[in-house]
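The block underneath contains the structure these notes are about, expressed in C-alpha cells.
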Amino acid sequence: MSLFYSDEEIQRLDRQALEALQLFRLKRVISQALKTPFYKERLGSVGINHAEDFKCLKDMEKIPYTTKDDLRDTYPYGLLAAHKDDVVRMHASSGTTGKPTVIYQTQRDLDNWTNLTKRSLIATGCTHKDVFQNMMTYGLFTGGIGLHYGAESLGMFVIPASSGNTLRQFMLMKDFQTTVVHATPSYMLHLYAQMEEMGYKRQDFALKKAMIGAEPHTEEVRKRIETLFGIEAYNSYGLSEMNGPSVAFECEEKSGMHVWEDGYIMEIVDEVSLKPISDGQQGELVLTNLIREATPIIRYRTKDLTSIIPGACSCGRTSRRIQRIMGRTDDMLIINGVNVFPSQIEEVIMKVPEIGNNYRILIRKKGTLDEMIIETEVGPNILTDDTRDLYKLKNRICEELRASITIRPQVEFHEPGRLPVQQGKAIRVIDERGGICCDLE
Ligand code: ADP
Ligand code: ZN
C-alpha cells in the first residue's frame, strides 16, 4: 500500500488507507519521542522501548495520557526531540490557565503545519485571489503566524495587521479591499459595534469570509457575525501544543470541523473515567501530533469538550468532523450546586436581537449563596429607553436563561462600548468567589 499521496488525495482516503498512514507516521513520532527522557520513561513503562514495539493503532490505548502539567514540568527543553541547532522556531500557549507551555519546530515541522493551514483556507473556498487580513495576534501565540504562512503559501495577498487598533483595521480593510479576515469571534463582534462610530459602512468593504477561532463561541455568535457583515464565517480550532490553528477546520459545508486526521490522531474520552466513548457523545478531545519531529506529543488531553459527528461530510473529505467546542472541562461553573457552561448562557443571550455584541458573566458570593450577574451591552435594535420596557426585556431574558440553565441569574444592561474588550481571547467570566479570574476559553 502506498503511503505517498497528494494533499487532495490525502483528504479523501478511505479509513483503511488513512489508518495505515497514521500508523506509519505514529511510529516515526514514537521513535522521536523515545529520544526524550520524559517519553523514554513513559513509553518504557508500558513496554514500548522501540518504535517496532508498537504494532497497531489499538496499541495507542496502552500509552498514558500527556497533560499540560507534563509539559510544564518538562519546561524548557524536556520534550525537545530534535537537535537544538535544527530548531527554527518556538511557540507558546497563551497561558490562559497558568505558566505557558513551549513547543519547538524544525523547518520540516513548519512546512507540515503550513500545509494544513493552507489546506484549511482552501477548504473554506479561499483562493490566491483573496486579500487576507490577519487580525490575530502575532508573536508567541500561534494564532497569527500560523495562518499567515498558510495564506502566503496559497498565494493570497496577506495583510499582517495583527490584533487591536480597530481604526487601523477598518482603514486597511477599506483601502486594500480585504476579502477574508481572521479574528476571534469576540473581536469580529467588537469590530461591527465600532464600525459606524468610526465613520464606516458595510458597503465600504469587500469582505466575503471570516475565519473565526481561538475561543469558544456558539452558533448564535457565528450567525450574528454572518448577518451583521453579510459574510460567511468558518470555525477554526487549534492549540499550541498541537502546533496551533488548523487542527480542525470547517469546510464550505459548515457542518462541523474536519480534524485533519493525517496530521493528528483524535480520540474522544469520558473526561472523568478517561475511557473512550462512542461517536456522537460528548467528551474530552485527546490529540496526538503525527507531523512534528521537534516536539512529539502523544495522547494530549486538551480539556476541550466536543463530540465526533457521525457520518460523512457532503464535501467528500473523509477526515472525521467534530462539533464546535463547548468549552474546556475547567470552564464549567458551579453555581449553588448547578453546573453551567458559559456557552449555554451565550446561546440564550445572543439570540435576543436587542442584546448587543459584548457581555460578561460575574459570579460572587451573597451571604452563603452564589450570585450570577450577566452584564450585556444593549444593541442598536433596542427601541426603547422606557424603564418598564427594559424591565420586561430583562425579565424575559432571565426566564429564558432559567429555562436553559435551571438557575435565574440577574441581568444588567450597559450602553454599547461600555464593557471591556480584550485584544486576544475574550475574558467572559469574572469569578469573584475565590478572587480568581478565568476566561471563556
Ligand atoms: P491556552 O491553552 O494557553 O489558551 P492556546 O493559545 O494554544 O493556549 O489556546 C488553545 C485553546 O483555545 C484550545 O485548547 C481551546 O480551548 C481554545 N480554542 C481554540 N480554538 C477554538 C475554537 N474554534 N473553538 C473553541 N475553543 C477554541
Ligand atoms: Zn466537509
Side-chain angles (χ1 to χ4, degrees), residues 1-7 9-71 73-74 77-88 101-113 115-116 241-243 247 259-269 274-276 284-302 308 318-320:
M1 184 181 287
S2 162
L3 290 169
F4 301 97
Y5 305 101
S6 71
D7 201 57
E9 285 167 342
I10 230 168
Q11 295 176 58
R12 290 166 171 81
L13 290 181
D14 64 35
R15 206 72 222 153
Q16 200 190 357
L18 179 69
E19 288 185 358
L21 179 67
Q22 286 184 322
L23 182 61
F24 172 77
R25 291 185 170 176
L26 184 58
K27 283 186 178 170
R28 217 168 46 187
V29 169
I30 288 183
S31 64
Q32 277 303 106
L34 286 166
K35 294 181 186 165
T36 68
F38 173 81
Y39 276 118
K40 203 171 166 51
E41 205 238 293
R42 273 284 163 99
L43 295 171
S45 73
V46 291
I48 301 173
N49 298 302
H50 306 277
E52 300 75 59
D53 294 335
F54 196 87
K55 301 278 183 264
C56 60
L57 285 179
K58 194 99 185 95
D59 285 349
M60 279 279 277
E61 286 173 20
K62 287 198 274 188
I63 303 177
Y65 296 108
T66 303
T67 63
K68 214 174 186 91
D69 282 341
D70 293 327
L71 267 58
D73 295 345
T74 50
Y77 287 122
L79 281 179
L80 177 61
H83 195 285
K84 225 160 117 190
D85 294 350
D86 294 328
V87 172
V88 296
T101 53
V102 187
I103 296 299
Y104 307 96
Q105 282 126 341
T106 63
Q107 188 54 53
R108 198 176 340 196
D109 295 342
L110 291 181
D111 293 346
N112 286 339
W113 181 22
N115 182 49
L116 292 188
E241 291 82 357
M242 290 293 123
N243 277 342
V247 169
V259 173
W260 301 130
E261 290 187 275
D262 54 308
Y264 304 94
I265 292 186
M266 81 159 141
E267 300 168 77
I268 308 254
V269 300
L274 301 185
K275 295 265 181 308
E284 180 177 342
L285 180 64
V286 172
L287 292 167
T288 299
N289 187 316
L290 295 175
I291 47 163
R292 194 173 53 206
E293 57 188 359
T295 324
I297 296 188
I298 303 168
R299 299 197 92 195
Y300 181 68
R301 284 188 60 189
T302 64
I308 293 179
T318 48
S319 7
R320 287 175 298 168

Okay, side chain of [X], backbone of [Y]: is any donor-acceptor separation there less than 3.5 Å?
X      : Y      : result
Gln22  : Glu261 : yes
Asp109 : Thr106 : yes
Gln11  : Asp7   : yes
His50  : Glu52  : no
Thr36  : Leu80  : no
Thr302 : Leu285 : yes
Tyr65  : Val286 : no
Arg292 : Gly263 : no

Check your understanding: Passes side chain to side chain contact (heavy atoms under 4.5 Å, CB included), Thr318 versus Leu18? Steps please.
Key -> CA-CA 9 Å; Thr318 48; Leu18 179 69; 5.7 Å; no
Heavy-atom distance under 4.5 Å between the side chains of [X] and [Y], does that happen here?
X      : Y      : answer
Ile297 : Met242 : yes
Ile298 : Arg42  : no
Asp111 : Gln107 : yes
His83  : Lys35  : no

Review point. How far apart are the C-alpha atoms of Asp262 and Tyr5, what are their side-chain angles, what is the distance that settles it, and do they pass the side chain to side chain contact (heavy atoms under 4.5 Å, CB included) test?
Key: CA-CA 11 Å; Asp262 54 308; Tyr5 305 101; over 6 Å; no
Point to revise | With sequence neighbours excluded, residues passing ring pair (Phe, Tyr, Trp, His ring centres under 6.0 Å) with Tyr77 | key: Tyr104
Exercise for review: Could you tell me which residues satisfy ring pair (Phe, Tyr, Trp, His ring centres under 6.0 Å) with Tyr300, sequence neighbours excluded, listed by chain and number?
Suggested key: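 With neighbours one apart ignored, the set is empty.
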Going from [atom1] on [X] to [atom2] on [Y], what distance comes out if it is rounded to the nearest 0.5 angstrom?
X      : Y      : atom1 : atom2 : value
Asn289 : Asn112 : CG    : CG    : 8.5 Å
Asn49  : Lys40  : CG    : NZ    : 7.0 Å
Arg108 : Ile291 : CZ    : CD1   : 12.5 Å
Lys55  : Ile48  : NZ    : CD1   : 10.0 Å
Glu284 : Arg301 : CD    : CZ    : 4.0 Å
Thr67  : Glu241 : OG1   : CD    : 10.5 Å

Using the side chain to side chain donor-acceptor pair (under 3.5 Å) criterion, which residues pair with [X]? Sequence neighbours excluded.
X      : answer
Lys58  : Glu61
Thr66  : Tyr39
Trp113 : none

**Study point:** No-hydrogen, no-angle side-chain donor-acceptor test under 3.5 Å, Gln105 and Asn243
**Key:** yes
**Study point:** Distance-minimising heavy-atom pair for Leu79 and Pro296
**Key:** O-CD, 3.7 Å
Revision key, fill the gap. Correct closest heavy-atom pair for Thr288 and Arg299 would be OG1-N, 2.9 Å
Point to revise | Test side chain to side chain contact (heavy atoms under 4.5 Å, CB included) applied to Phe54 and Asp59, Leu43, Val29, the passing residue | key: Asp59
Check your understanding: How would you list, by chain and number, every residue that makes a salt bridge (charged side-chain N to carboxylate O under 4.0 Å, His left out) with Asp69, sequence neighbours excluded?
Key -> Arg72
Practice item. I would like to know whether Asp86 and Glu293 meet side chain to side chain contact (heavy atoms under 4.5 Å, CB included); could you show each step before the answer? Key: CA-CA 10 Å; Asp86 294 328; Glu293 57 188 359; over 6 Å; no
